[in-house]
Chemist: 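Dumping the structure here so I can ask a few things about it.
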Number of protein chains: 2
Amino acid sequence: MSSVQRDTKTRILETTLKLLESGDKKVRMSDIAKAVGISRQALYLHYPNRADLLIAATRYLDRVKDADARLAESRAATSGLARLHAYIDAWGGYIPEIHGILSALRAMRDTDAEAAAACDDRMDAMRQGCAAAVRALNADGMLRPDLTEDTATDLLWSILSAEMWEHLVKRCGWTQDAYRAEVTRLADGALIATPQSTP
Amino acid sequence: MSSVQRDTKTRILETTLKLLESGDKKVRMSDIAKAVGISRQALYLHYPNRADLLIAATRYLDRVKDADARLAESRAATSGLARLHAYIDAWGGYIPEIHGILSALRAMRDTDAEAAAACDDRMDAMRQGCAAAVRALNADGMLRPDLTEDTATDLLWSILSAEMWEHLVKRCGWTQDAYRAEVTRLADGALIATPQSTP
DNA sequence: TGTAAACTTGACACTGTGTAAATAGGAAAT
DNA sequence: ATTTCCTATTTACACAGTGTCAAGTTTACA
């Protein structure tokens with residue numbers, strides 16, 4: 001019973017992600033159904049509502065892209081600074097891949113509590129990474145002395161937010177490389193006691 | 001003919017703004033009508049659709065809050081750095097007052113072309129202010145040498161974006177003062193050749 | 001052949017936006 | 001005093017999109 005069903009379920013998730021990623025238009029349930037090649041109602045046999053489908057798609061994407069593994073790499077860094085940079089690279093590089101689904105979920109925030117929860121959950125997880133990087137920085141004595149770890153985490157969290165990426169890359173048209181470079185600089189300047197300069 | 005009409009029109013705008021500002025919930029046409037004390041259909045006699053109403057409300061807010069005058073103050077600053085800081089103060093202080101309507105318009109971006117245009121228009125105007133501040137900074141030789149004026153403007157524009165304010169103040173719970181202080185620091189670190197430090 | 005799962009079609013409820021028609025009340029002109 | 005205009009009202013409907021329901025069809029497989 002499960003093999004066919006799982007195939008369709010997976011096909012739905014893949015199609016949903018493709019539609020969300022490639023297009024800037026609105027993705028309706030009927031759009032997804034048509035793209036998958038099933039009826040709109042069949043969609044509801046697999047996912048009870050739009051929010052659940054989007055959340056499932058997010059989880060699927062994480063699994064496929066191995067988000068945890070990527071972000072875990074930053075934990076291996078020895079110095080606090082290296083760890084900060086590794087985290088910026090990891091998360092900053094992940095944003096473009098989840099941007100489509102992320103903004104679809106964000107658009108549902110106001111109307112759907114479940115979507116809002118999924119959004120928050122995701123952002124909170126990201127904040128954990130920021131907090132860890134800030135702690136490592138502080139342990140090395142490199143955190144700007146007038147910042148608490150909490151405030152520093154908030155700052156890094158905001159700098160690395162998907163909205164910031166969207167603004168710089170989508171709106172201003174920056175390349176991913178330019179984004180990475182400037183955001184790293186920005187974070188360094190915001191968090192580090194004695195700002196880095198190329199020696 | 002006009003006095004009564006203008007009164008109702010103004011009352012609609014004021015009510016709309018109040019609803020948008022004070023509540024985090026969704027504001028429907030019927031909500032506005034009920035709050036004004038007229039029928040939903042009477043709303044359409046004054047404003048043909050929701051987007052037009054929101055846009056009119058934005059313009060009304062600008063007029064009431066005298067946005068131009070505030071932002072113009074920053075142009076009076078003598079040094080580039082003073083001008084940058086004056087602009088950050090002016091715009092950063094204006095965001096909380098227009099945040100409600102701004103995010104309502106932003107939520108309509110995907111579905112309504114006119115709302116998207118109004119949003120872009122507003123953000124572009126803000127970018128002009130950023131560009132002017134960056135030019136003044138560059139004229140003083142204080143712009144980080146590896147930044148073009150365009151790139152620097154993009155950076156400042158992103159740092160001062162309403163999304164950044166929302167993240168730090170609404171999400172992280174910062175006070176407006178903390179926001180102002182850290183964002184100023186952030187902008188300084190991002191744009192200025194030799195970063196400021198308290199002597 | 002029979003059964004169950006996956007899927008289909010068609011219909012409908014609900015919300016929110018926007019349109020239309022028929023009507024009422026008040027002000028102002030004549 | 002009556003007509004005319006303007007504002008507003010009520011009722012009704014069209015439309016898009018989400019979500020539900022019921023009855024019927026295909027496919028697999030035992």
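In what follows, every chain begins at residue 1, and chains take the letters A, B, ... in the order their sequences are listed.
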Chemist: How would you list, by chain and number, every residue that makes a side-chain hydrogen bond (donor to acceptor under 3.5 Å, both in side chains) with B:Trp174, sequence neighbours excluded?
Modeler: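 B:Trp174 satisfies side-chain hydrogen bond (donor to acceptor under 3.5 Å, both in side chains) with A:Asp154 only.
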Chemist: Tell me: NZ of A:Lys34 to P of C:dT8, nearest whole Å?
Modeler: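 Going from NZ in A:Lys34 over to P in C:dT8 covers 14 Å.
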Chemist: Between the side chains of B:Asp124 and B:Arg127, is the shortest nitrogen-to-carboxylate-oxygen separation below 4.0 Å, so that they form an ion pair?
Modeler: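 Judged by the 4.0 Å cut-off on N to carboxylate O distance, B:Arg127 and B:Asp124 do not form a salt bridge.
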Chemist: Could A:Arg144 and B:Glu182 be called an ion pair, given the rule that one side-chain N must be under 4.0 Å from one carboxylate O?
Modeler: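 B:Glu182 and A:Arg144: salt-bridged.
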Chemist: Tell me: CG of A:Leu43 to C1' of C:dT8, nearest whole Å?
Modeler: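 In whole Å, C:dT8 C1' lies 14 Å from A:Leu43 CG.
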Chemist: Any side-chain N or O of A:Ser39 under 4.0 Å from OP1/OP2 of C:dC7?
Modeler: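 Indeed not, no polar side-chain atom of A:Ser39 lies that close.
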Chemist: Send over the distance from A:Leu45 CG to C:dA4 P, rounded to a whole Å.
Modeler: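 To the nearest whole Å, that distance equals 18 Å.
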Chemist: Check this one for me: any side-chain N or O of B:His46 less than 4.0 Å away from OP1 or OP2 of D:dA8?
Modeler: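 True: B:His46 side-chain N/O within range (under 4.0 Å) of D:dA8 OP1/OP2.
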Chemist: Establish, with yes or no, whether the OP1 or OP2 oxygen of C:dC7 is under 4.0 angstrom from a side-chain nitrogen or oxygen of A:Thr8.
Modeler: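 For C:dC7, OP1 or OP2 has a side-chain N or O of A:Thr8 closer than 4.0 Å.
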Chemist: Only counting residues at least two apart or in another chain, list the ones meeting side-chain hydrogen bond (donor to acceptor under 3.5 Å, both in side chains) with B:Thr148.
Modeler: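 In terms of side-chain hydrogen bond (donor to acceptor under 3.5 Å, both in side chains), with neighbours along the sequence ignored, B:Thr148 is linked to B:Thr151.
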Chemist: Can you give one letter per nucleotide of nucleotides 13-26 of chain C, going 5' to 3': B for a protein heavy atom under 4.0 Å from the base, S for sugar-phosphate only, - for none?
Modeler: ---SBBBB------
Chemist: Taking atom P of C:dA5 as reference, at what distance in whole Å does atom CD1 of A:Ile38 sit?
Modeler: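 Distance, rounded to whole Å: 18 Å.
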Chemist: Less than 4.0 Å between a side-chain N and a carboxylate O, is that true for A:Arg122 and A:Asp62?
Modeler: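 Here A:Asp62 pairs with A:Arg122 in a salt bridge, since their nearest N and O are under 4.0 Å apart.
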Chemist: Is it true that A:Arg70 and A:Glu97 have a side-chain N and a carboxylate O under 4.0 angstrom from each other?
Modeler: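 Answer for the salt bridge query: yes.
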